[in-house]
J.: 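Take this structure, written in structure tokens, and hold onto it; I'll ask about it next.
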2 protein chains.
Amino acid sequence: MVAEIFRELGYEGATMSLITARTRVSKGSLYHFFPGGKEEMAGEILAHIDEWFAINVYEPLEREAAAAAVARMWGAVDEYFRSGRRICLVGAFALDETRDRFGSVIRGYFRRWIDALEGALVRSGVDAATARRLAEEAVVGIQGGLTVARALKDKTIFSRTLGRLRQRIDAAIAGA
Amino acid sequence: MVAEIFRELGYEGATMSLITARTRVSKGSLYHFFPGGKEEMAGEILAHIDEWFAINVYEPLEREAAAAAVARMWGAVDEYFRSGRRICLVGAFALDETRDRFGSVIRGYFRRWIDALEGALVRSGVDAATARRLAEEAVVGIQGGLTVARALKDKTIFSRTLGRLRQRIDAAIAGA
DNA sequence: GTCTATAAAGCGATAGAC
DNA sequence: GTCTATCGCTTTATAGAC
């Protein structure tokens, strides 16, 4: 709910007044739950996102049968970003002045995603160099797809991007 | 100069006080040149970006020999984004609340880029469906590469992304 | 715990001297 | 044209009643 306000308007755009108005929770209560104020709220939202990706993306990629985990990733990503209607808050924070504030979380999000996908591809028989290249390409492509989809107000761009990346990775797994 | 402040901190993060401090031009003078204030400044910066891309990217793609124009695009893009040290202000604006304010400029930037690249690929003999797919993939990939490069503070991600996209498009032109 | 009222600071923008 | 001083408003954050 609050996360959606940040996703829609960015860190600066999501003012406390707007958050109280939309959640119908007063500032007093908001500061009761988040004594650290806005920064703590955003921090917990980022932690929640990281937890979701850990459970639904990173851990399956790290632990489950590689091909199945990769297949599962596409579904999870498509679901999470609502097929392109939602942007990636971590990516958005990486581009503005919040970058420094949440730098380590932002770095961890992208690094772990790329590393986990690379690992799964290696385990499924793809050679190391190709796995690294494909993993980086996938995470980069997803971010770009979300950005351009929102810029053009055309969510089909994200779907097509996801489809292209999936096809390429599936081919590498099949050919391994 | 001012553009760099916006690129670094985003629309909200680039406050007028900060702009006066860094440019050593007082607010009075700033408002003398930009009566419309901050919004006008950002608008002119976006217009300047659009002009640069029109001259160095779109028009060559639309007018020059297709293969040469595509080759030129990679150089122009790498130069403009300083090999990944600079982000795309248009992409950043697409993700925050400025999206609505500059919506048509943002849409125009991405649409014209994809369309121009698609056109050049078609003219160089690539079939229509493949050209559209490759053009979209390139612009999406560039945006994603810039985002992830900044998030991981690793500009080599952008270089590798550009290399991958270039290779794929060159192969399509060569095979056409 | 939840609220209203308000403080303190920073914001974009303006006035007016020079 | 450029500056300083300041306006009016919004921001984050707090105080204190209930």
Side-chain angles (χ1 to χ4, degrees), chain A residues 1-50 87-106, chain B residues 1-50 87-106:
Chain A
M1 172 72 189
V2 179
E4 233 46 55
I5 304 176
F6 278 95
R7 237 184 290 263
E8 203 180 309
L9 303 169
Y11 185 82
E12 303 285 343
T15 67
M16 294 302 275
S17 309
L18 206 85
I19 294 170
T20 62
R22 288 219 204 162
T23 58
R24 285 195 293 276
V25 175
S26 70
K27 289 185 189 178
S29 298
L30 233 43
Y31 277 93
H32 174 75
F33 290 115
F34 305 99
K38 193 175 167 175
E39 185 162 343
E40 188 182 342
M41 291 184 68
E44 290 211 8
I45 288 169
L46 287 179
H48 189 263
I49 291 172
D50 203 64
I87 62 146
C88 176
L89 190 61
V90 187
F93 278 7
L95 294 185
D96 63 30
E97 94 290 7
T98 49
R99 172 172 20 108
D100 302 313
R101 226 187 293 240
F102 302 112
S104 69
V105 184
I106 293 169
Chain B
M1 174 70 188
V2 179
E4 234 45 57
I5 304 176
F6 278 95
R7 236 184 290 263
E8 202 180 310
L9 303 168
Y11 186 81
E12 303 285 344
T15 67
M16 293 303 275
S17 309
L18 208 85
I19 293 170
T20 62
R22 288 218 204 162
T23 58
R24 287 195 292 276
V25 175
S26 69
K27 287 187 190 181
S29 298
L30 235 40
Y31 277 92
H32 174 75
F33 290 115
F34 304 98
K38 193 174 168 177
E39 185 162 344
E40 187 183 342
M41 292 183 67
E44 291 210 9
I45 289 168
L46 287 179
H48 190 262
I49 292 172
D50 203 63
I87 62 146
C88 176
L89 190 61
V90 188
F93 278 7
L95 295 184
D96 63 31
E97 94 291 6
T98 47
R99 174 172 17 111
D100 301 315
R101 224 187 292 240
F102 302 112
S104 69
V105 184
I106 294 169

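Letters go in sequence order (proteins before strands), and every chain restarts at 1. Computed from a predicted structure; not experimentally measured.
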J.: Measure the shortest side-chain to side-chain distance between F6(A) and K38(A) over non-hydrogen atoms and say whether it is less than 4.5 angstrom.
T.: yes
J.: For a quick test of reading the model, state the closest non-hydrogen atom pair linking E40(A) to F34(A) and the distance between them.
T.: OE1-C, 3.4 Å
J.: Students often get this wrong, so: under 4.0 angstrom with heavy atoms, is G28(A) touching a base, only sugar-phosphate, or nothing?
T.: base
J.: Can you measure from CD1 (I45(B)) to CG (D50(B)) and round to the nearest 0.5 angstrom?
T.: 13.5 Å
J.: Rounding to an integer number of Å, can you tell me how far R101(A) CZ sits from dT12(D) P?
T.: 10 Å
J.: Grab the CG-P distance between L30(B) and dC11(C) for me, whole Å please.
T.: 14 Å
J.: Can you tell me if Y31(B) touches the phosphate of dT14(C), counting only side-chain N or O atoms and a distance under 4.0 Å to OP1 or OP2?
T.: no
J.: Find the distance K38(A):NZ to dG10(C):C1' and express it as a whole number of Å.
T.: 13 Å
J.: In whole Å, what is the span from the CE atom of M41(B) to the C1' atom of dA13(C)?
T.: 13 Å
J.: In this structure, how many angstroms lie between the P atom of dT2(D) and the CZ atom of R24(B), rounded?
T.: 15 Å
J.: Just the rounded figure in Å: distance from P of dT14(C) to CD of E40(B).
T.: 11 Å
J.: Among residues 15-22 of chain B, which ones have heavy-atom contacts with DNA chain C below 4.0 Å?
T.: T15(B), M16(B), S17(B)
J.: Rounded to whole angstroms, how far apart are NZ on K27(B) and P on dG10(C)?
T.: 11 Å
J.: Measure across D96(B) and Y11(B) and return the closest heavy-atom pair with its distance rounded to 0.1 Å.
T.: OD2-N, 4.5 Å
J.: Passes salt bridge (charged side-chain N to carboxylate O under 4.0 Å, His left out), E8(A) versus R99(B)? Steps please.
T.: CA-CA 10 Å; E8(A) 203 180 309; R99(B) 174 172 17 111; 5.9 Å; no
J.: Quick one: which of dC3(D), dT2(D), dG1(C) gets closest to the side chain of F33(A)?
T.: dG1(C)
J.: Determine whether a donor-acceptor pair (N or O, by modelled atom type, separation under 3.5 Å) exists between the side chain of T98(B) and the backbone of F93(B).
T.: yes
J.: Tell me which nucleotide among dT2(D), dC3(C), dG12(C) gets nearest to the side chain of S29(A).
T.: dC3(C)
J.: Please give me the minimum heavy-atom distance between L30(B) and I19(B), naming the atom from each residue.
T.: CD2-CG2, 3.7 Å
J.: Starting from C1' on dC11(C), measure out to OH on Y11(B) and report it in whole angstrom.
T.: 12 Å
